[in-house]
Amino acid sequence: FSPDSSNSLATGLVAYYKLDEQSGGREDAFTGLTLADSNGVVFGAGVRSNAASFGGSQALYRDSESALRLNRGSYTLTHWVYVANTLVYNPTLAKNDSTVLREFLASHRGTGNGRFQFDVFDTAGTLVAEVSSAVLGSQNTWYFLACGVNSATNTAFLRLNAMTTVSAPLTGSAGTSNATFTVGGDRANPTLFFTGSMDELAIHSKVLTTQELTDLYNSGSGNTYNS
């Protein structure tokens, strides 16, 4: 990573997807947890090189994903999001197979409040936290979205670009499951998909510091992992 002010962005890294590929599966540049392609995810211009482009009927996924059972502790999900249609529900990242097999859901709520939102569920699939961005998400604009769980403070959190992190208390314990890890889709709502592009997806098994998030945002220019 560059910049990496504290030389710490590789610490706690679980997977990193540059999303540069023009078609097919997307490679994990860190540990090899390749994402499979469903229905032909293509590519377009990204924040850094290419981005994965979704037309409202495609997704990337890993079935029954035990390696990404993140709610055993703190974690942070970061990705760049470009919403092409803000009038619909746009799931970006999900482990949400059904009402009883789910872990988290990151989305842009075009059919609701027009904000980015992060939901966390317990082991029974009950919603235990919901946190939304402080501002509305605009169409055809790149946003750096960071969200996750802080087990030390028992909160879920969300940060957009370089804005102040928004958090909400967990009303129960964040769960863990082998639900499918999905990018651009929501298995519990199989007809609803993301429309737009995503780039530079990172999964960390820790809460990233303000400086680490600032380095990943990089004044809007983004950052990337190089092995």
Side-chain angles (χ1 to χ4, degrees), residues 11-15 33 59-79 81 89-137 143-160 163-194 198 201-210 212-213:
T11 302
L13 189 62
V14 175
L33 299 173
L60 300 167
Y61 67 93
R62 282 187 66 83
D63 277 327
S64 302
E65 188 41 73
S66 59
L68 296 175
R69 294 177 67 171
L70 298 171
N71 288 343
R72 293 173 176 144
S74 297
Y75 65 89
T76 307
L77 312 169
T78 58
H79 55 313
V81 180
Y89 164 63
N90 279 288
T92 63
L93 305 178
K95 291 193 74 178
N96 189 40
D97 284 4
S98 69
T99 57
V100 295
L101 183 61
R102 54 186 181 175
E103 197 169 321
F104 59 78
L105 172 63
S107 63
H108 176 264
R109 297 297 175 124
T111 53
N113 58 19
R115 302 174 189 272
F116 290 97
Q117 183 170 307
F118 184 60
D119 300 327
V120 180
F121 307 95
D122 65 14
T123 53
T126 301
L127 180 70
V128 292
E130 177 182 297
V131 58
S132 298
S133 61
V135 299
L136 300 178
Y143 291 96
F144 176 68
L145 179 60
C147 49
V149 166
N150 187 330
S151 60
T153 60
N154 202 37
T155 57
F157 60 87
L158 183 150
R159 171 171 158 150
L160 204 60
M163 301 176 192
T164 301
T165 299
V166 181
S167 62
L170 295 171
T171 59
S173 298
T176 184
S177 77
N178 284 350
T180 304
F181 177 67
T182 309
V183 180
D186 176 0
R187 289 291 178 94
N189 297 282
T191 63
L192 301 178
F193 294 88
F194 177 75
M198 281 185 267
L201 164 60
I203 302 170
H204 283 84
S205 60
K206 66 176 183 178
V207 177
L208 295 180
T209 67
T210 298
E212 287 170 333
L213 291 172

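Excluded from the calculations below are hydrogen atoms, water molecules and symmetry mates; all remaining heavy atoms, backbone and side chain alike, are included. Small disclaimer: the values here were computed from a predicted structure and weren't measured.
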Tell me, do [X] and [Y] make a side-chain contact under 4.5 Å, heavy atoms counted?
| X | Y | answer |
| --- | --- | --- |
| Leu170 | Val120 | yes |
| Asn90 | Ser107 | no |
| Leu105 | Phe118 | no |
| Val135 | Met163 | yes |
| Val128 | Thr171 | yes |
| Tyr75 | Val207 | no |

Mark yes or no for whether [X], through its side chain, and [Y], through its backbone, hold a donor-acceptor pair below 3.5 Å.
| X | Y | value |
| --- | --- | --- |
| Ser132 | Gln117 | no |
| Ser167 | Thr155 | no |
| Asp97 | Leu101 | no |
| Arg115 | Ala134 | yes |
| Lys206 | Thr11 | yes |

Set out, in order, the CA-CA distance, both residues' side-chain angles and the distance that settles side-chain hydrogen bond (donor to acceptor under 3.5 Å, both in side chains) for Tyr89 and Asn189, then state yes or no. CA-CA 10 Å; Tyr89 164 63; Asn189 297 282; 4.7 Å; no

Could you pull out the closest heavy-atom pair between [X] and [Y], with the gap in Å?
| X | Y | result |
| --- | --- | --- |
| Gly185 | Ala94 | O-CB, 3.7 Å |
| Ser133 | Leu160 | CB-CD2, 4.1 Å |
| Leu33 | Ala15 | CD1-CB, 4.3 Å |
| Leu201 | Leu93 | CD1-CD1, 3.8 Å |
| Phe193 | Pro91 | C-CD, 3.7 Å |

Honestly, is Arg62 close enough over Phe181, meaning NZ or CZ under 6.0 Å from the six-membered ring centre and within 45° of the axis?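 Output no; distance or angle outside limits.
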
Looking at Tyr61, is Arg187 sitting on its ring face, NZ or CZ under 6.0 Å from the six-membered ring centre and within 45 degrees of the normal?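 Ring-cation test returns yes.
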
Could you give me the CA-CA distance, side-chain angles and deciding distance for Asp119 and Arg109, then say whether salt bridge (charged side-chain N to carboxylate O under 4.0 Å, His left out) is met? CA-CA 12 Å; Asp119 300 327; Arg109 297 297 175 124; 2.9 Å; yes

How many angstroms lie between [atom1] in [X] and [atom2] in [Y], if you round to the nearest 0.5 Å?
| X | Y | atom1 | atom2 | value |
| --- | --- | --- | --- | --- |
| Thr165 | Phe157 | OG1 | CZ | 7.5 Å |
| Ser177 | Lys95 | OG | NZ | 4.5 Å |
| Leu208 | Leu13 | CG | CG | 9.0 Å |
| Phe144 | His79 | CZ | NE2 | 9.5 Å |
| Leu77 | Ile203 | CG | CD1 | 6.0 Å |
| Asn178 | Glu103 | CG | CD | 8.5 Å |

Under the side-chain hydrogen bond (donor to acceptor under 3.5 Å, both in side chains) criterion, do Thr180 and Thr182 qualify, and how do the steps go? CA-CA 6 Å; Thr180 304; Thr182 309; 5.3 Å; no

Kindly indicate, with the supporting measurements, whether the criterion side-chain hydrogen bond (donor to acceptor under 3.5 Å, both in side chains) is fulfilled by Thr92 and His108. CA-CA 7 Å; Thr92 63; His108 176 264; over 6 Å; no

Would Ser74 and Ser151 count as a side-chain hydrogen bond (donor to acceptor under 3.5 Å, both in side chains) here? Give the steps. CA-CA 5 Å; Ser74 297; Ser151 60; 2.9 Å; yes

Set out, in order, the CA-CA distance, both residues' side-chain angles and the distance that settles side chain to side chain contact (heavy atoms under 4.5 Å, CB included) for Val166 and Arg159, then state yes or no. CA-CA 6 Å; Val166 181; Arg159 171 171 158 150; over 6 Å; no

Are Phe121 and Phe104 close enough that their ring centers fall under 6.0 Å?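 No: the rings miss the under 6.0 Å criterion.
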
